[in-house]
Amino acid sequence: SNAERITIIAQWIALCVQMLFIGICFAVFGQTLQRSILLGLDRQKELEQLRAQQEQVIESRTSDLRQSLVTVEQREQELARTLADLHASKEIISAISVPTIPVLPGILLVPIVGHLDSQRADAMTTNTLRAIEQQHSHATIFDITGVEVVDTNVAQVLLRTASAANLLGTQIIMVGIRPEVAQTMVALGIDMSMFTTYSDLRSALTELLLREGWVRSNGGE
């Protein structure tokens with residue numbers, strides 16, 4: 001019918017108009033759109049390159065940080081070994097500075113040379129008591145021949161060590177008291193009653209040997 005034909009023609013005309021409008025728009029804006037798309041692609045590539053560079057920087061810095069951590073750990077281990085060596089050396093020096101010498105079975109000699117500061121005093125007390133226990137000493141000889149000055153502090157160290165040693169069941173003997181040292185000790189009012197004193201080490205050892213020989217000859221009484 002005529003109405004249907006007219007409708008089809010109108011639709012066709014509308015379609016042609018739309019196509020024409022699209023063509024005009026594409027002709028007008030196509031180059032701008034193309035440039036925008038190309039610009040967007042370029043920016044995307046720049047962003048990807050920037051991201052890759054940042055990843056490389058992060059990876060490099062992370063590697064440097066790992067290496068720094070490894071170096072720090074190695075230095076900490078070296079420091080720990082150094083501290084352990086220093087501690088061992090300190091113990092060795094402490095033992096050497098105030099030695100304890102088992103001169104005979106059950107008889108321990110503690111030679112004291114030089115000034116007794118607080119560190120050496122503590123070392124002397126510790127080393128002496130440990131040696132008495134380990135050696136089962138029944139007599140301990142303090143040889144102060146090498147001590148130039150006996151003041152109140154030195155006397156207190158000797159008395160404190162002697163008191164502790166007595167509790168472990170050992171006799172405390174003092175040898176090597178020079179006249180000037182004896183005068184100082186008397187002037188300071190130092191009580192030496194817990195010490196058995198001899199003029200020198202030889203006299204003390206001779207007495208101890210004689211006494212042990214007498215004990216054996218009397219059946220251990």
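Please read all numbers here as calculations on a predicted model, not as lab measurements. Any value given below was found using the heavy atoms of this structure, including those in side chains, with hydrogens, waters and symmetry copies removed.
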Q. Can you name the closest pair of heavy atoms from P111 and P99 and give their distance?
A. CD-O, 3.6 Å
**Q.** Any donor-acceptor N or O pair under 3.5 Å, side chains S203, D200
**A.** yes
Q: Starting at CG of L69, measure out to CZ of R66 and round the result to the nearest 0.5 Å.
A: 9.5 Å
Q) How long is the gap from OG1 on T145 to CZ on R178, to the nearest 0.5 Å? A) 7.5 Å
Q | Value rounded to 0.5 Å, distance of CD1 in I172 from CZ in F142 | A | 5.0 Å
Q: Find out if a path of hydrophobic residues (ILVMFWY) with successive side-chain heavy-atom gaps under 4.5 Å connects V103 to Y198.
A: yes
Q | Distance-minimising heavy-atom pair for H138 and P105 | A | NE2-O, 4.0 Å
Q. Would a hydrophobic clustering, with Ile, Leu, Val, Met, Phe, Trp and Tyr connected at side-chain separations under 4.5 Å, put I144 with V110?
A. yes
**Q.** Check against side chain to side chain contact (heavy atoms under 4.5 Å, CB included), V113 and D143
**A.** CA-CA 9 Å; V113 180; D143 187 352; over 6 Å; no
(Q) For residues L129 and I141: do they belong to one hydrophobic cluster (side chain heavy atoms under 4.5 Å, members Ile, Leu, Val, Met, Phe, Trp, Tyr)? (A) no
Q. Cluster question for you: counting only ILVMFWY and a side-chain heavy-atom cut-off of under 4.5 Å, with indirect links fine, are L209 and I101 together?
A. yes
Q | Side-chain H-bond candidate by donor/acceptor type, S137 with T170, under 3.5 Å | A | no
(Q) To the closest 0.5 Å, what do you measure between CZ (F195) and CD (Q171)? (A) 11.5 Å
Q) Taking the side chain from S60 and the backbone from Q56, do they hold a donor-acceptor pair closer than 3.5 Å? A) no
**Q.** Residue pair Q44 / L47, side-chain heavy-atom distance below 4.5 Å
**A.** no
(Q) Nearest 0.5 angstrom please: R51 CZ to E46 CD, how far? (A) 14.0 Å
Q: List the steps and the verdict of side chain to side chain contact (heavy atoms under 4.5 Å, CB included) for E59 and E55.
A: CA-CA 6 Å; E59 180 64 25; E55 290 178 352; over 6 Å; no
Q. Around E133, counting heavy atoms of other residues, nucleotides and ligands shown, do more than 12 lie under 6.0 Å from its CD?
A. no
Q: Verify side chain to side chain contact (heavy atoms under 4.5 Å, CB included) between R75 and T71, making sure each step is shown before the conclusion.
A: CA-CA 6 Å; R75 290 180 178 177; T71 302; 3.7 Å; yes
Q | Minimum heavy-atom distance between T128 and M124, given as atom pair plus value | A | OG1-O, 2.7 Å
**Q.** Chi angles and distances behind the side chain to side chain contact (heavy atoms under 4.5 Å, CB included) call for I173, E207
**A.** CA-CA 11 Å; I173 299 171; E207 179 64 25; over 6 Å; no
Q.
Please tell me whether L108 and L205 are part of a single hydrophobic cluster in this structure, the criterion being side-chain heavy atoms less than 4.5 Å apart.
A. no
Q: State, yes or no, whether a side-chain contact exists between L65 and R61 at a heavy-atom distance under 4.5 Å.
A: no
**Q.** Sub-4.5 Å side-chain heavy-atom contact between L109 and T100
**A.** no
Q: Hey, could you give me the CG/CG distance between N166 and L159, rounded to the nearest 0.5 Å?
A: 10.5 Å
